[in-house]
Protein chains: 2
Amino acid sequence: MGKCYSAAVTTVPTGSRARTRQAILDAAIEVLSRNPAAPLGDVAAAADVGRTTLHRYFPERSDLIAALKEEAGRRLDQAGMRARVEEDTGAAALRRLCQEYFDLGDTLSLLFQEQVSFEAGCDDEVESMVRRGHADGSIDPELPPVWVQSLMWSHLYAAWSYLAETGASRHDTLRLLLRCVEGAVRPLR
Amino acid sequence: MGKCYSAAVTTVPTGSRARTRQAILDAAIEVLSRNPAAPLGDVAAAADVGRTTLHRYFPERSDLIAALKEEAGRRLDQAGMRARVEEDTGAAALRRLCQEYFDLGDTLSLLFQEQVSFEAGCDDEVESMVRRGHADGSIDPELPPVWVQSLMWSHLYAAWSYLAETGASRHDTLRLLLRCVEGAVRPLR
DNA sequence: CCGTAGTGGAACACTGATGTTCCATAATGG
DNA sequence: CCATTATGGAACATCAGTGTTCCACTACGG
């Protein structure tokens with residue numbers, strides 16, 4: 001909000017354009033995360049813009065989807081950065097990554113609903129994180145990196161749906177999430 | 001397959017009708033589990049029937065969906081029966097339940113894709129199973145039953161997507177699944 | 001105060017999915 | 001072998017979402 005882009009030389013959004021564009025993207029994330037087949041009119045309404053305007057920014061639905069993937073990818077990357085996955089034990093890093101992803105909220109739901117494959121997320125870093133966990137004994141060596149990744153996403157999904165179903169607090173849900181991921185990946189004894 | 005219904009008095013499927021109907025349902029599960037928005041023509045094609053025939057059995061799309069929910073619910077129930085969730089420790093029962101659900105295959109994917117809420121599954125039995133686990137020390141009492149249920153589903157999702165992504169063997173995937181559910185729910189020490 | 005950028009609304013053509021009707025063709029059972 | 005039953009295909013009207021065009025309105029900066 002209120003972020004001010006210094007005008008670039010190329011055809012880059014002036015203040016107002018950027019704001020509208022962002023409003024549309026935010027609305028799209030919110031609406032399409034609940035129903036991936038929602039009509040564009042609904043997105044426009046949620047963004048508080050006319051359908052015409054939406055088409056002005058994203059001529060075709062696929063353009064919007066593409067921009068959405070990009071946006072989600074960006075947020076995912078940022079979350080990955082914040083988690084500093086290369087520090088500490090593998091399990092501790094995984095814990096931080098889960099927390100950061102958890103905080104993404106609707107963006108997360110979008111990733112589940114749409115086909116935005118999770119490969120988007122920095123695959124390699126996660127893999128090396130898991131391998132480090134294997135080595136330092138914080139992650140069971142029997143669990144392949146890809147599996148751990150799959151596991152993390154599914155736990156995030158669990159947490160998200162638990163939140164939606166029970167109306168539990170974000171805080172408690174996060175605790176359960178981290179507690180169970182920890183238990184799932186650590187060596188059995 | 002080959003199940004023979006004794007002709008009832010009311011308008012009940014004769015042999016052939018039942019078979020066609022079932023073929024359509026099976027195809028619908030397969031097709032719609034991959035793309036919930038797939039056109040009915042695709043379902044008909046997968047079932048090796050004309051679109052006309054499909055409409056003869058399910059006049060509207062919503063009718064097909066309803067029948068699908070019913071079918072999925074039935075299979076879910078059967079799986080629940082087979083798991084005998086009221087026997088053994090809570091964790092052992094949970095383990096069996098996971099395995100039975102895992103074996104449902106496409107039906108499972110359908111449950112994820114469609115909005116067929118998981119409440120369909122025998123909620124109460126699962127809850128008492130978890131409570132039993134709390135009591136017998138095989139499931140961490142800090143984990144609410146609904147959370148455990150959420151967790152189970154998400155692990156099943158993880159397993160399914162892992163299978164799809166990596167082409168790992170069903171057997172190995174199941175092992176990972178059970179291993180991690182076990183670790184996730186058992187008391188920390 | 002005027003010009004421009006950004007916008008919204010109405011109207012339109014187009015497309016793909018849907019649901020219906022009608023008819024011709026197997027298959028099935030008595 | 002004939003009547004019933006189940007089916008597939010073609011043609012059709014309908015509908016919702018999409019993408020486009022055009023015009024009017026507003027805000028804002030020079």
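Note that these values count all heavy atoms, side chains included, but never hydrogens, waters or copies made by symmetry. Labels below follow one simple rule: chain letters A, B, ... track the order of the sequence lines, proteins then strands, and each chain is numbered from 1.
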**Lys NZ or Arg CZ of Arg21(A) over Phe58(A) ring: under 6.0 Å, within 45°** = no
**Prompt:** Cation over ring, Arg75(A) on Tyr101(A), under 6.0 Å and within 45°?
**Reply:**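 No; the conditions do not both hold, so Arg75(A) does not lie above the ring face of Tyr101(A).
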For the pair made of [atom1] in [X] and [atom2] in [N], what is the distance, rounded to whole Å?
| X | N | atom1 | atom2 | result |
| --- | --- | --- | --- | --- |
| Leu40(A) | dT18(D) | CG | P | 4 Å |
| Leu32(B) | dA17(C) | CG | C1' | 14 Å |
| Leu54(B) | dA6(D) | CG | P | 16 Å |
| Asp63(B) | dG19(C) | CG | P | 8 Å |
| His55(B) | dC22(C) | NE2 | C1' | 16 Å |
| Arg21(B) | dT7(D) | CZ | C1' | 17 Å |
| Arg56(A) | dG8(C) | CZ | C1' | 8 Å |
| Arg51(A) | dA11(C) | CZ | C1' | 11 Å |

**Request:** Nearest-nucleotide wise, let me know which of Thr52(A) and Ala37(A) is further upstream toward the 5' end of DNA chain D.
**Result:** Ala37(A)
**Request:** Between Gly50(B) and Gly41(A), name the one whose nearest nucleotide on DNA chain D is closer to the 5' end.
**Result:** Gly50(B)
I want to check one thing: is the phosphate of [N], taken as OP1 and OP2, less than 4.0 Å away from some side-chain N or O of [X]?
| X | N | value |
| --- | --- | --- |
| Tyr57(A) | dT7(C) | yes |
| Thr20(B) | dT7(D) | yes |
| Arg17(A) | dA5(C) | no |

**Prompt:** Parallel, tilted or perpendicular: which fits the ring planes of Tyr157(B) and Tyr157(A), with parallel below 30° and perpendicular above 60°?
**Reply:** parallel
**Item:** Salt bridge flag under 4.0 Å for residues Asp88(A) and Arg95(A)
**Value:**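 Salt bridge absent between Asp88(A) and Arg95(A).
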**Request:** Could you please name the option among dA17(C), dG6(C), dG19(C) that lies closest to any side-chain atom of Glu60(B)?
**Result:**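 Nearest listed nucleotide: dG19(C).
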**Asked** Looking across every strand, which nucleic acid part, if any, lies under 4.0 Å from Asp48(B) by heavy atom: base, sugar-phosphate, or nothing?
**Response** sugar-phosphate
**Message:** Heavy atoms only, 4.0 Å cut-off, all strands: where does Arg61(A) land among base, sugar-phosphate and nothing?
**Reply:**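 It contacts sugar-phosphate atoms only.
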**Message:** Keeping Ser150(A) on the side-chain end and Val146(A) on the backbone end, is there a donor-acceptor pair under 3.5 Å?
**Reply:**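 No; zero donor-acceptor contacts below 3.5 Å.
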